[in-house]
Peer 1: 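Take this structure first; my questions come after.
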Amino acid sequence: MNPHKAAPRVVAEEDLAGFTAGQLVGVLQAVTVVLTLPQSAADHVDALVVATGQGEEWRLTHAIRRWEANSALRYLLVANGNSDEKTYVEITLDYLRSLGLRRTNGVHLQAEPAPNTGSQAAWIVNQVQARRIASLALAVSPYHLTRVYLTVLKAFTRTLRRRGGMRSSSRLINATRQSGRPRA
């Protein structure tokens, strides 16, 4: 793959050279697990998590609608985006209010920009542990869902290894698995 060109949306056969069949099966299993979680499961979690980016404001508006409609959700966590993106918008409570946020108790924002999904995942894991969150739903683009899910799991795994265990057993549930924009 050429690092000077945009990443292709379709992976060519030569891009898979060097990977074993077992590795590819592992990826397919992970994708299948993520994409088969029922969207309704997101109504029964402690926290709704938004990983922002790519100027996709609808990720926030979708999550805010869910947050406002479900008072059982204890937390709304909003991971910041990459400030180097042309479409970057600083995430503030005032900005979220302009998108319809009314209930601010339980809302936590990543203050510093996150240059990549790994930075967002590390912040999410810290929030989950600090607030003893037992379950969460991800509100992200369908094309980004598997990456965010697996990156957050990897961040949890790193934390487990560093600390020798985790205080809360967290489970991730995807909030937006349909293709295209979220349903109203």
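The model shown is predicted, which means the values in this text are computed figures rather than measured ones.
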Peer 1: Is there a donor-acceptor contact under 3.5 Å from the side chain of Glu68 to the main chain of Leu101?
Peer 2: no

Peer 1: With distance as the sole test, does Arg59 use its side chain to make a donor-acceptor pair with the main-chain N or O of Ala51 at under 3.5 Å?
Peer 2: yes

Peer 1: Would you mind writing out the side-chain donor-acceptor pairs for residues 150-158 within the sub-3.5 Å range, not counting sequence neighbours?
Peer 2:
unit_1	atom_1	unit_2	atom_2	d
Thr151	OG1	Arg147	O	2.6
Thr157	OG1	Leu153	O	2.9

Peer 1: Hey, does Asn116 have a side-chain heavy atom less than 4.5 Å from the side chain of Asn82?
Peer 2: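 The answer is no, as the side chains (C-beta and beyond) never meet within the 4.5 Å cut-off.
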
Peer 1: So if you build clusters from Ile, Leu, Val, Met, Phe, Trp, Tyr with side-chain heavy-atom gaps below 4.5 Å, do Leu60 and Tyr88 land together?
Peer 2: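 Hydrophobic grouping puts Leu60 apart from Tyr88.
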
Peer 1: Determine whether a donor-acceptor pair (N or O, by modelled atom type, separation under 3.5 Å) exists between the side chain of Thr61 and the backbone of Leu99.
Peer 2: no

Peer 1: Distance-only, no hydrogens or angles: does the Gln23 side chain make a donor-acceptor pair with backbone N or O of Thr20 under 3.5 Å?
Peer 2: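 Yes.
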
Peer 1: Are any non-hydrogen side-chain atoms of His62 and Trp67 less than 4.5 angstrom apart?
Peer 2: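 Not touching, per the 4.5 Å side-chain cut-off.
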
Peer 1: Quick check: do Arg102 and Arg97 have side-chain heavy atoms less than 4.5 Å from each other?
Peer 2: no

Peer 1: Quick check against the 3.5 Å criterion: does Thr87 have a side-chain atom that pairs as donor or acceptor with the backbone of Gly55?
Peer 2: yes

Peer 1: Taking only residues two or more places apart in sequence, or in another chain, which ones meet Ser98 in a side-chain contact (heavy atoms from CB on, under 4.5 Å)?
Peer 2: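 Per chain and number, Ser98 pairs via side-chain contact (heavy atoms from CB on, under 4.5 Å) with Tyr95.
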
Peer 1: Applying side chain to side chain contact (heavy atoms under 4.5 Å, CB included) to His144 and Gln54, what does each step give before you reach the verdict?
Peer 2: CA-CA 10 Å; His144 200 216; Gln54 300 297 320; over 6 Å; no

Peer 1: Between CG of Leu16 and CZ of Phe19, what distance do you get to the nearest 0.5 Å?
Peer 2: 7.0 Å

Peer 1: Heavy-atom distance under 4.5 Å between the side chains of Leu77 and Leu48, does that happen here?
Peer 2: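 Not touching, per the 4.5 Å side-chain cut-off.
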
Peer 1: Are Gln120 and Gln110 linked by a side-chain donor-acceptor pair shorter than 3.5 Å?
Peer 2: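 Checked: Gln120/Gln110 side chains show no N/O donor-acceptor pair below 3.5 Å.
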
Peer 1: Which residue pairs pass the salt bridge (Lys or Arg N to Asp or Glu O under 4.0 Å) test with at least one member in residues 38-48, sequence neighbours excluded?
Peer 2: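 Applying salt bridge (Lys or Arg N to Asp or Glu O under 4.0 Å) to every pair that reaches into residues 38-48, excluding sequence neighbours, yields Asp43-Arg66, Asp46-Arg74.
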
Peer 1: Taking all atoms of both residues into account, what is the closest heavy-atom pair of Ser119 and Pro115, and its distance?
Peer 2: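 Between these two residues, the closest heavy atoms are OG-CD, 3.6 Å.
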
Peer 1: Does anything in residues 119-139 form a ring pair (Phe, Tyr, Trp, His ring centres under 6.0 Å)? List the pairs, not counting sequence neighbours.
Peer 2: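 Counting only pairs at least two positions apart or across chains, no ring pair (Phe, Tyr, Trp, His ring centres under 6.0 Å) contact touches residues 119-139.
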
Peer 1: Report the residues that fulfil salt bridge (Lys or Arg N to Asp or Glu O under 4.0 Å) with Glu90, sequence neighbours left out, ordered by chain and then residue number.
Peer 2: none

Peer 1: With a 4.5 Å heavy-atom cut-off, do Val49 and Tyr75 have their side chains touching?
Peer 2: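 A side-chain contact under 4.5 Å is absent here.
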
Peer 1: How far apart are the C-alpha atoms of Val45 and Leu73, what are their side-chain angles, what is the distance that settles it, and do they pass the side chain to side chain contact (heavy atoms under 4.5 Å, CB included) test?
Peer 2: CA-CA 6 Å; Val45 295; Leu73 288 168; 3.6 Å; yes

Peer 1: For the atom pair OG1 (Thr104) and CG (Leu96), what is the distance rounded to the nearest 0.5 Å?
Peer 2: 10.5 Å

Peer 1: Which distance, rounded to the nearest 0.5 Å, do you find between the CD of Glu112 and the CG of Asn80?
Peer 2: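 Taking CD in Glu112 and CG in Asn80, the distance rounds to 7.5 Å.
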
Peer 1: Atom OG1 of Thr52 and atom CD of Glu85: how far apart are they, to the nearest 0.5 Å?
Peer 2: 8.0 Å

Peer 1: What I'd like to find out is whether the side chain of Leu93 reaches to under 4.5 Å of the side chain of Leu109, using heavy atoms alone.
Peer 2: yes

Peer 1: Which residues satisfy the side-chain contact (heavy atoms from CB on, under 4.5 Å) test with Glu14, sequence neighbours excluded?
Peer 2: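 Residues passing side-chain contact (heavy atoms from CB on, under 4.5 Å) with Glu14: Ala12.
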
Peer 1: Could you state the interatomic distance from OG (Ser71) to CZ (Arg103), rounded to the nearest 0.5 Å?
Peer 2: 6.0 Å

